[in-house]
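Lettering follows sequence order; numbering is per chain, from 1. The model shown is predicted, which means the values in this text are computed figures rather than measured ones.
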Amino acid sequence: MELGDTAEEAEFRHALRAWLAGALPALPPAPDPEDWPARRAYDMEWQRALYDAGYAGLHWPRDAGGQGAPPGRHLIFLEETERAGAPYVGAGFVGLLHAGPTIAAEGTAAQRARWLPPILRGEEVWCQGFSEPDAGSDLAALRTRAVPDGNGDYVVTGSKIWTSHAQVADWCELLVRTDPQAPRHRGITWLALPMDAPGVTVRPLRTLAGTEEFAEVFLDEVRVPAANRVGAEDDGWRVTLVTLSFERGTAFAGEVVACRRLLRELAATARSSGRWEDAVLRRRLGRLHAEFTALWRLVQWNVSEAGHTGRQRCTGAPGPGAPGMGVPGTGVPGAGASVFKLRYSHARQELYDAAAEVLGPDGALDAAADWTAGRLSSLAYTIAAGTSQIQRNIVAERVLGLPKGR
Amino acid sequence: MDFRLTDDQLALRRGTRELLEGRTGGMPPRGGLDRALWRALGDAGLFALALPEAEGGVGLGLPEAVLVFEEAGRLLLPGPLAASWLAAGRLGVPGAADGTSVVTALDAGDGVPVEHLAAADRLLVLEGGAGAQARLARPEELCAAPVRSVDPLTPLHRVSGRTGAAAVPGAAAVPGADVALLRREGALLTAAQQLGSAGRTVELAVAHARVREQFGQPIGSFQAVKHLCAGMLERVETARSVVYAAALTENEDETAAAKLLADEAAVRGARDCIQVYGGLGFTWEADVHLHLKRAWLRAEQWQNTVTCEESLAAAI
Ligand SMILES: Cc1cc2nc3c(=O)[nH]c(=O)nc-3n(C[C@H](O)[C@H](O)[C@H](O)COP(=O)(O)OP(=O)(O)OC[C@H]3O[C@@H](n4cnc5c(N)ncnc54)[C@H](O)[C@@H]3O)c2cc1C
């Protein structure tokens with residue numbers, strides 16, 4: 001067990017800090033949150049700057065265009081960029097944090113060469129076409145059909161929903177049904193869909209926060225080349241689980257660091273407004289401090305377990321040592337990802353609820369306040385990327401080995 | 001950074017579990033403090049883990065101590081383990097390292113009764129804040145009366161009348177032992193025991209939920225039961241990360257976080273386990289109540305919830 005920096009890690013941290021100090025002042029002002037094309041441009045420009053400086057795809061394998069650095073390097077990156085107030089991954093979320101890692105783990109050499117460099121260079125944006133109107137928690141119920149046309153293409157028809165950033169995406173990680181006769185989990189295929197293909201229609205949906213952050217995507221006889229299939233035909237459920245592990249296990253890691261900063265801001269506000277004198281509120285903030293301290297350690301634990309070559313740490317006890325809590329050596333987080341996702345989602349909501357108490361009615365009821373916007377969007381965390389109920393099912397069945405529900 | 005346990009640490013954990021299970025049959029020892037077991041723990045180096053090898057210790061550190069204390073917590077090993085560990089290491093109390101001398105502690109001002117006072121050979125007295133020195137006394141010097149302890153395996157004494165220095169006038173200062181440091185390490189080792197207990201109650205709940213059948217199926221197939229168990233594991237894993245981290249960083253805030261979350265994992269884990277056990281959980285025979293009662297006790301000792309939350313708030 002070692003949490004400190006190695007000599008290389010310290011050197012990396014130092015160099016990154018110096019680079020950020022120079023790069024951040026050169027950034028253009030942040031765009032209007034409602035202007036999605038401008039947001040995309042801003043996020044991509046930042047990603048390009050990271051790429052040029054050698055900070056893109058740090059923990060991605062070298063043959064996937066990454067730097068092949070040990071997993072801890074990415075965590076240092078998250079700590080330092082947050083500390084310096086650098087932009088967040090934004091529109092790059094799906095490409096950098098789960099579609100890209102999935103292609104790196106499951107794609108062919110040609111697929112990696114085609115899709116990964118543009119993600120790292122900030123040229124192409126990905127979105128996630130998993131959920132459908134009748135397939136949410138029960139993702140394997142998805143019905144979007146892909147029929148081989150005999151010339152090596154799939155013809156895809158169906159609809160997806162809640163697709164974040166669809167209106168500014170170039171590619172979509174799309175789950176389709178290729179064999180309607182097979183048992184549900186066996187007839188699914190993972191495709192990369194070009195969003196500009198004829199037959200793709202995107203209709204933005206307004207969230208409860210009032211923004212058009214996600215959309216419905218209609219697919220009407222869209223042709224997708226078979227070369228865009230990641231993994232074998234009908235083997236997409238396995239690939240999907242890889243994607244979901246990244247999405248739940250590591251994609252939110254950076255936000256934990258951000259929450260620690262938000263908590264500091266909140267405490268400063270409470271101290272200057274006098275709310276700090278309220279012992280109940282103060283203790284609530286103290287507990288949040290413990291929460292985000294622990295969540296960051298949990299991220300470090302999961303990343304250490306998944307990222308290193310080694311054996312399963314089977315102790316017979318449930319816990320990080322138990323089978324299924326990590327997949328050593330593969331970089332793919334195990335079911336322990338669900339423990340993190342579950343805990344983090346609730347901690348984030350609690351942070352914004354505590355913020356409302358600190359700000360009092362005047363601040364908490366003002367929709368224009370950043371804290372209110374944050375409070376509204378925090379409501380998505382226990383729903384998106386698998387609801388909390390679904391995460392608990394996964395923990396109970398896959399980690400603890402309780403009998404599957406019927 | 002590589003947060004994984006090393007091979008040596010894994011071996012230490014395994015060895016400790018084997019030793020303790022061999023000695024206790026894997027059940028919480030019912031007879032209170034067992035001096036022979038205490039000696040065996042001493043012989044195995046449990047109390048001297050962090051002492052340099054030249055001083056007869058094992059030359060390891062807090063992370064290893066935490067792994068060993070977690071195992072002790074799993075089995076609800078009775079006794080003032082944290083106080084004896086501090087006495088053996090930081091304070092160099094003769095006999096503490098090899099387990100011939102049992103050392104218990106009184107933290108003046110926190111109002112927590114003293115455990116195993118009658119069985120102890122020495123009493124550690126903590127008073128004041130950073131910079132203050134710990135003091136050592138003979139247990140019989142403390143003016144205290146027995147309490148009917150909620151934890152049947154941990155006899156407790158309540159200090160009567162005077163508190164702190166006044167309660168043990170004969171206590172002598174121990175040089176070099178800062179009270180704040182002792183409190184921090186005591187809290188961490190107590191958190192480790194709570195973590196062990198919490199890990200054990202998830203195991204017990206899951207094992208029961210797999211075999212107990214109602215409505216023609218294992219109760220573990222009911223989602224309400226599954227979600228209770230999932231919540232238990234979530235709390236254990238979150239606590240584990242921060243307990244291990246605090247052992248590495250030796251940071252005060254992180255230790256407070258570790259104690260807070262491990263207390264919660266232990267107390268709520270035991271309660272949920274009782275719920276999963278049903279009527280059986282409410283009996284004296286099932287071990288689960290022992291986990292809850294010990295967890296309540298340990299949650300009060302060495303920084304309780306209020307102290308932890310307040311110090312964490314102050315540190316934001
Ligand atoms: C902000 C946001 C962004 C999103 N972005 C994307 C995206 O980019 N791409 C994408 O594919 N999807 C996206 N989603 C969709 C998200 O993954 C789904 O909303 C989620 O999986 C739940 O599905 P559902 O909405 O159909 O709800 P349902 O599955 O209908 O669930 C409704 C309720 O029933 C409960 N429930 C359902 N089944 C069970 C069960 N077996 N046991 C216990 N309780 C159960 C759920 O927990 C929930 O409380 C996004 C969602 C949000 C909110």
Practice problem: Find the distance between CD1 (B:I316) and CD (A:E265) and round it off to the nearest 0.5 Å. | Solution: 12.5 Å

Practice problem: Mind listing the closest non-hydrogen atom pair of B:M1 and A:S304 along with its distance? | Solution: CE-OG, 3.5 Å

Quiz prompt | Contacting region of B:V243 [heavy-atom separation from chain A under 4.5 Å] | solution = neither

Quiz item: Of the backbone (N, CA, C, O) and the side chain (C-beta and beyond), which part of B:A256 lies under 4.5 Å from a heavy atom of chain A, both, or neither?
Solution: neither

Quiz prompt | Over all atoms of both residues, closest heavy-atom pair of B:T238 and A:A294 | solution = CG2-CB, 3.7 Å

Practice problem: Under 4.5 Å, counting heavy-atom pairs only, tell me which of A:R392, A:R287, A:R283 racks up the most with chain B. | Solution: A:R283

Practice problem: Please check if atom CZ in B:R271 has more than 12 non-hydrogen atoms from other residues, nucleotides or ligands closer than 6.0 Å. | Solution: no

Quiz prompt | Minimum heavy-atom distance B:E234-A:R343, with the two atoms named | solution = OE2-CD, 2.9 Å

Quiz item: Which pair of heavy atoms, one from B:S241 and one from A:W301, lies closest together, and at what distance?
Solution: OG-CB, 4.3 Å

Exercise. Could you tell me which portion of B:L248 (side chain, backbone, both or neither) has an atom closer than 4.5 angstrom to a non-hydrogen atom of chain A?
Key: side chain

Quiz prompt | Side chain / backbone / both / neither for B:R235 at chain A, heavy atoms under 4.5 Å | solution = both

Practice problem: Could you tell me which portion of A:E9 (side chain, backbone, both or neither) has an atom closer than 4.5 angstrom to a non-hydrogen atom of chain B? | Solution: side chain

Practice problem: Quick one: pull up CZ in B:F222 and CG in A:L402 and give me the separation to the nearest 0.5 Å. | Solution: 12.0 Å

Exercise. Heavy atoms only: give me the nearest B:L261-A:A290 pair and the separation to one decimal.
Key: CD1-O, 3.9 Å

Quiz item: Quick one: what part of B:Q223 sits under 4.5 Å from any heavy atom of chain A, side chain, backbone, both or neither?
Solution: side chain

Practice problem: Could you grab the distance from atom OG1 of B:T6 to atom CD of A:E2, nearest 0.5 Å is fine? | Solution: 11.0 Å

Quiz prompt | Side chain, backbone, both or neither of B:T249 within contact of chain A (heavy atoms, under 4.5 Å) | solution = side chain

Self-check item: Exceeds 12 heavy-atom contacts within 6.0 angstrom, atom CG of A:D138
Solution: yes

Exercise. Would you mind checking if A:R297 and B:E254 are paired as a salt bridge, meaning a charged N to carboxylate O distance below 4.0 Å?
Key: yes

Practice problem: Let me know if A:W296 has heavy atoms under 4.5 Å from chain B in its side chain, its backbone, both or neither. | Solution: neither

Self-check item: Closest non-hydrogen atom pair, B:P63 against A:M1
Solution: CB-CE, 3.7 Å

Quiz item: About how many Å separate CD of A:E397 and SG of B:C229, when rounded to the nearest 0.5 Å?
Solution: 11.5 Å

Quiz prompt | Region of A:Q389 that comes under 4.5 Å of a non-hydrogen atom in chain B | solution = both

